[in-house]
Amino acid sequence: MSVHLEQEVADFSDRRMRLAAAITDYAEWLDRLHGIDLERTLRLADTATSLRQDKLVVAFVAEFSRGKTELINALFFADHGQRLLPSDAGRTTMCPTELFANADEAPSLMLLPIETRRRNESLAHLKRMPIEWCRIAVDPADSRQMQESLKKLTETKAMPAVDAIELGLWNGEDPGERHQLRADGTVDVPAWRYAMVNYPHPLLQAGLTVLDTPGLNALGAEPELTLSVIPNAHAVMYMLATDTGVTRSDLEIWQKHVSRHAHYHVAILNKIDMLWDELKSDSEVQASIERQAEETARVLKLPRSQVFTVSAQKALIAKIRGDAALRVRSGIESLEYLLAHQVIPARRDMLYHAVNHEVSALLDESRADMAARIKRSSDELIQLTQLSGKNRELIEQTRATLQQEKDSYDATANQFRTTRKTLQAQGEHLMTHLSEDTLDAILKSGREAIEGSWTTHGLTRGIRHLSEKMNERLGQASKQADSMLDALDQAYARFHRQHGLPKMQVPRLDLGAYRNRLAALVRETGEFCKDPANLLLEKRFMIRRFYAGLAEEARKAFKLARQEAERWLRIALDPIMTRIREHKHYLDSRLGSLQRILENMGTLHNRMAQIKAEIGSLRNEKAELTQIAGQFSA
Ligand SMILES: Nc1nc2c(ncn2[C@@H]2O[C@H](COP(=O)(O)OP(=O)(O)OP(=O)(O)O)[C@@H](O)[C@H]2O)c(=O)[nH]1
Ligand SMILES: [Mg+2]
């Protein structure tokens, strides 16, 4: 493996951990200072956890035998000194295979039986049900044993043709597949539907997840790959081979699964070694590779710079043998460079952006808070300095003024209590729009809209229904949140105007991302229904599965919207409550100290010393905050 790829992945992991540590430091700082601002600390803790667990997902997508598995072996697992994942002529990888490292569980290969396709549950749901999977322990220290176990990924089994048709695994009308039918009425189908390999390899431990996929048939039959897994990958490597060029099914995969969906994708023209002709000069060979690369770029409508030319097989050999010249010739380095210097930095920037978005407003508020606290203490100190050596009467006057201020503040706070109660009730009402019951009812009515009509027409109706109902609820929730925010703003404005509390900016509840997600699902359905391959009646299982995939995605979007709303409710109210309480404590303690001074004039100097110490420790906290903030901009 190239040094810079491993290095970059490890650096990325380090930086993620450092950023997570900075967030934890900040959460502790907030905790120490406010103590009661629990919601924010918890939210920051969540952000830190998700940063620590973040995965960089790279998916390999292509028709069978283009060399996906070979390239994965060459890019990531050549340090085994052999082919780790099985790659061979013809269809080899029979099911989508996810490789990752999860330190919480023992290294293993988990296989989901193909028969689960008969059921309505989505893949995402099945992933949460270990009982459905066959688990095989693997020993990472023993490459041979791992290699043997991983052969399971290529397993097939005989199945009656009628069942295979029902599961969308075989199409008897396709002349290319018809010959597979045996005299006993069975055909071979993949034994497994999905595989997960938990393997403590350094690259995977540093947060890389690799997704290997089988060719077109399997991709098309598993809608969740198209709807969710591939679009969510951070990079999609789409592969072609020089010996086949761009065939019709290559193009179909490109159009259906890659070009429209993936955020970041490149095309890889593999097997360039097949053009290495010893009777031709190097420049002639280079020219013919270049011609094919340009042709590929033209057909895929990609810039030439997005088409990489490699020989996965020679790269693997070169790495195993330590043959530097062959490695350069294989072209693998440009792909490693791409991963190290484009894919990883893009993900890193996205994470940094997200974290900054989350943290920067909070930091601003913390800074304003610190400034306000220091100012209050300094004001008190100045006042006491002025009172020192003066008569009781003057101190009594000061106390009386402060008492007035406190009474007026209490009145504002009392009024706010009523507003708060109303807001809480409105918040509860808001959450009913997004509750589990609402979700269940919508999903049920979506199924009813389609039940009995598992056709593309019924499907379109079902998903439209789902999306409309969900959108309606999201809209009502947002509207409710907006009116709450207006009421809150008005109520808090009094604290700011009359009592000098720092301005606070509560963000709007924004559910736009989830509405967009629902709109995208409706679009996906449109594409799916337009596809002639899905129009046949036999495909009703396909439609069921597609609907299950859609419903799962819609459910996810709705649940995320709920979490967002729950979180919003807390960040809207809690910090304001904290500040209102803090100001009350402050007034109480100032009054208390004046009272004590009146009772015993000797305590005035003690109080001054106390405030000086307080200011000193506030300055320390402020310096620490500056130091923490520095870690976010690094
Ligand atoms: N000559 C040559 N053969 C290659 C190259 N890369 C892969 N192959 C061969 O092509 C065949 C298919 O490779 P795989 O890695 O299994 O292809 P795949 O895309 O994973 O195919 P499926 O798993 O069936 O979807 C194997 O026999 C490989 O040895 C290459 O760069 N040059
Ligand atoms: Mg393969």
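This one's a predicted model, so the numbers in the text were calculated from it and none came from an experiment. Counting starts at 1 for both ligands and their atoms, following the listed order.
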Checking the N or O distance criterion of under 3.5 Å, is ligand 1 in contact with [X]?
X      : value
Asp212 : no
Thr69  : yes
Phe64  : no
Ala312 : yes
Asn270 : yes

Any N, O or S atom of Thr92 closer than 2.8 Å to the Mg ion (ligand 2):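 Under 2.8 Å: Thr92 has no N, O or S contact with the Mg ion (ligand 2).
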If I take every N, O or S atom of Thr69, is at least one of them less than 2.8 Å from the Mg ion (ligand 2)?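 Within the cut-off used here (under 2.8 Å), Thr69 does place an N, O or S atom near the Mg ion (ligand 2).
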Please test His234 against Tyr264 for ring-ring contact (aromatic ring centres under 6.0 Å, His included), starting from the C-alpha separation and ending with a verdict. CA-CA 6 Å; His234 301 110; Tyr264 187 96; over 10 Å; no
Near [X], which atoms of ligand 1 are under 4.0 Å from a heavy atom of that residue?
X      : result
Glu70  : 6 (N), 7 (C), 15 (O), 29 (O)
Gly90  : 24 (O)
Met274 : 1 (N)
Arg91  : 24 (O)
Ala89  : 26 (C), 27 (O)

Side chain to side chain, [X] and [Y], heavy atoms closer than 4.5 Å:
X      : Y      : value
Leu111 : Lys152 : yes
Glu284 : Ser288 : no
Val210 : Leu204 : yes

Starting from [atom], what is the nearest protein heavy atom, named by residue and atom, and what distance separates them?
atom                    : answer
atom 10 (O) of ligand 1 : Lys271 NZ, 3.1 Å
atom 29 (O) of ligand 1 : Gln313 NE2, 3.6 Å
atom 25 (O) of ligand 1 : Lys68 NZ, 2.9 Å
atom 24 (O) of ligand 1 : Thr92 N, 2.7 Å
atom 28 (C) of ligand 1 : Ser87 OG, 3.8 Å
atom 13 (O) of ligand 1 : Gly67 CA, 3.6 Å

Is it the side chain (CB and beyond), the backbone, both or neither of Thr93 that lies under 4.0 Å from ligand 1, heavy atoms counted?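 Both the backbone and the side chain of Thr93 come within reach of ligand 1.
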Looking at Arg52, is its backbone amide N or carbonyl O close enough to the side chain of Arg16 to form a donor-acceptor pair, meaning the two atoms are under 3.5 Å apart?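 Yes, Arg16 side chain to Arg52 backbone: donor-acceptor pair under 3.5 Å.
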Quick one: do [X] and [Y] make a salt bridge, cutoff under 4.0 Å?
X      : Y      : answer
Arg182 : Asp188 : yes
Arg193 : Glu132 : no
Arg291 : Glu294 : no

Is atom CZ of Arg321 surrounded by more than 12 heavy atoms (other residues, nucleotides or ligands) closer than 6.0 Å?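 Count not over threshold, so no.
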Has Ser65 got any heavy atom lying under 4.0 angstrom from an atom of ligand 1?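 The answer is yes: ligand 1 sits under 4.0 Å from a heavy atom of Ser65.
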Answer yes or no for Ala241: is there a heavy-atom contact with ligand 1 below 4.0 Å?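 Ala241: no contact with ligand 1 (<4.0 Å).
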Using distance alone, with no hydrogens and no angle criterion, decide if Gln292 and Thr242 have a side-chain donor and acceptor under 3.5 Å apart.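 Gln292 vs Thr242: no donor-acceptor pair found between side chains.
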Does the side chain of Asn73 pick up a donor-acceptor pair with the side chain of His80 at under 3.5 Å?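 Not at all, the side chains of Asn73 and His80 share no donor-acceptor pair under 3.5 Å.
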Minimum heavy-atom separation for Ala161 and Leu181, please, with both atom names.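 Where Ala161 meets Leu181 most closely, the heavy atoms are CB-CD1, 3.6 Å.
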My understanding is that we take every heavy atom of each candidate and find the minimum distance to atom 12 (C) of ligand 1. Doing that for Ile272, Thr154, Asp88, Asp273, which one comes out nearest?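 Selected option, by shortest heavy-atom distance: Asp88.
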Determine whether Ile253 and Val61 satisfy the following criterion, side-chain contact (heavy atoms from CB on, under 4.5 Å), listing intermediate values before the conclusion. CA-CA 8 Å; Ile253 292 187; Val61 179; 3.7 Å; yes
